[in-house]
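Some notes on the structure that comes next.
Just so it is clear: chains get the letters A, B, ... in the order the sequence lines come, proteins before strands, and each one is counted from 1.
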Protein chains: 2
Amino acid sequence: MTPRTWTDRQCPVARTLDLVGDRWVLLIIRDAFDGLTRFSEFQRSLGIAKNILADRLRLLVENGILRRVDTGADSRAHYRLTPRGEDLFTVIVGLRQWGERNAFEADEEHSVLILEQTGEPLPNIDPVRADGGRIVARDTHVQKV
Amino acid sequence: MTPRTWTDRQCPVARTLDLVGDRWVLLIIRDAFDGLTRFSEFQRSLGIAKNILADRLRLLVENGILRRVDTGADSRAHYRLTPRGEDLFTVIVGLRQWGERNAFEADEEHSVLILEQTGEPLPNIDPVRADGGRIVARDTHVQKV
DNA sequence: GGATTCTGGTTGCATATTGCAACCGAACGG
DNA sequence: CCGTTCGGTTGCAATATGCAACCAGAATCC
């Protein structure tokens, strides 16, 4: 899971970006959350060059974010999210909701993430205090180790 | 704010990545949240090549995520987050918390994001239902427009 | 106030990464 | 069987990145 050298040993943001901080990687993970598992499905969905896709899938498997599943019935490759990969759900939702708020004009349509139980769009996620108040950047600071 | 062509017109995740889906860009934004504002501060903090930093700062200003501030007292450039940039706080926190959970060994130290009012680390952020239950990817699906 | 340093870049060139198209063997489909 | 799809690999061209040198204007030193 560990790159030979981290960009910044102490910073969790930098470490995360060393593992998944690449446009294609994050779009592959988005597609994996949408249920895509096959090499060709990712390739068609993203329009990514095949050598780059092969490289990124290999890296994601090496880093424990996807696992390669070879079933008996179908010997071709499937790629599925590991628990560590599933844990990126919050990040993908954060990117999606920021885009919804900041990258579309008011009259533009976009795809929506729906919660099955209610049929409604997911509520916005935000850092909140124990009392429910929203936390903004000004309320925080990074404590270096 | 709009790239000439979006990777995927309908998907908010793809649009967000078109604007900030670059390792350096996200690290610049992280540093901006930590209070850095000067070209030389970003350059020293990140060890990024100066031409690349100049390019990324220009793009971030064009995309309305940073604004260039020239004060009378100090005519040198300062770069500060716009409201749209501040709104990325949730994304940066999500990346940070995923890294804390998944990119460090149990005995490894890392920097910590502290909430001023309590002096304690920020609680984890996650998508939650109205009843407070955590939402996982399986509970959701993307509705295409 | 003159010299020196710092800042915020730009430019040119070498190197690394990406994209594209062709190719390939194994597996499937009819 | 014969053609097609799948999951790649390979070689080459185009693009992006990194590095070092350079530069003008502002600030600092003395």
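Residue order along DNA chain C, read from the 5' end via each residue's closest nucleotide, puts B/F39 first among B/F39 and B/N51. Summary of the strand contacts: A/K50 and A/R56 both lie near DNA chain C, and taking for each the nucleotide with the nearest heavy atom, the more 5' one is attributed to A/R56.
OP1 or OP2 of C/dG8 has not a single side-chain nitrogen or oxygen of B/R44 nearer than 4.0 Å. OP1 or OP2 of D/dG18 has at least one side-chain nitrogen or oxygen of B/W24 nearer than 4.0 Å. Of the side-chain N and O atoms in A/R38, none sit less than 4.0 angstrom from OP1 or OP2 of D/dC6. Distances shorter than 4.0 Å separate none of the side-chain N or O atoms of A/R58 from OP1 or OP2 on D/dT9. A close approach under 4.0 Å does not occur between any side-chain nitrogen or oxygen of A/R76 and OP1 or OP2 of C/dA26. Residue A/Y79 has no polar side-chain atom (N or O) positioned under 4.0 Å from OP1 or OP2 of D/dC6.
Side chains of A/R67 and A/Y79: a donor-acceptor N/O pair is absent below 3.5 angstrom, by distance only. In this structure, a donor-acceptor pair under 3.5 Å is absent between the side chains of A/R76 and A/S40.
Of the candidates D/dG7, C/dG19, D/dT9, C/dG19 carries the atom nearest the A/I52 side chain, counting heavy atoms from C-beta on. Of the candidate nucleotides D/dT9, C/dT10, D/dG7, C/dT10 has the atom lying nearest to any side-chain atom of B/A54.
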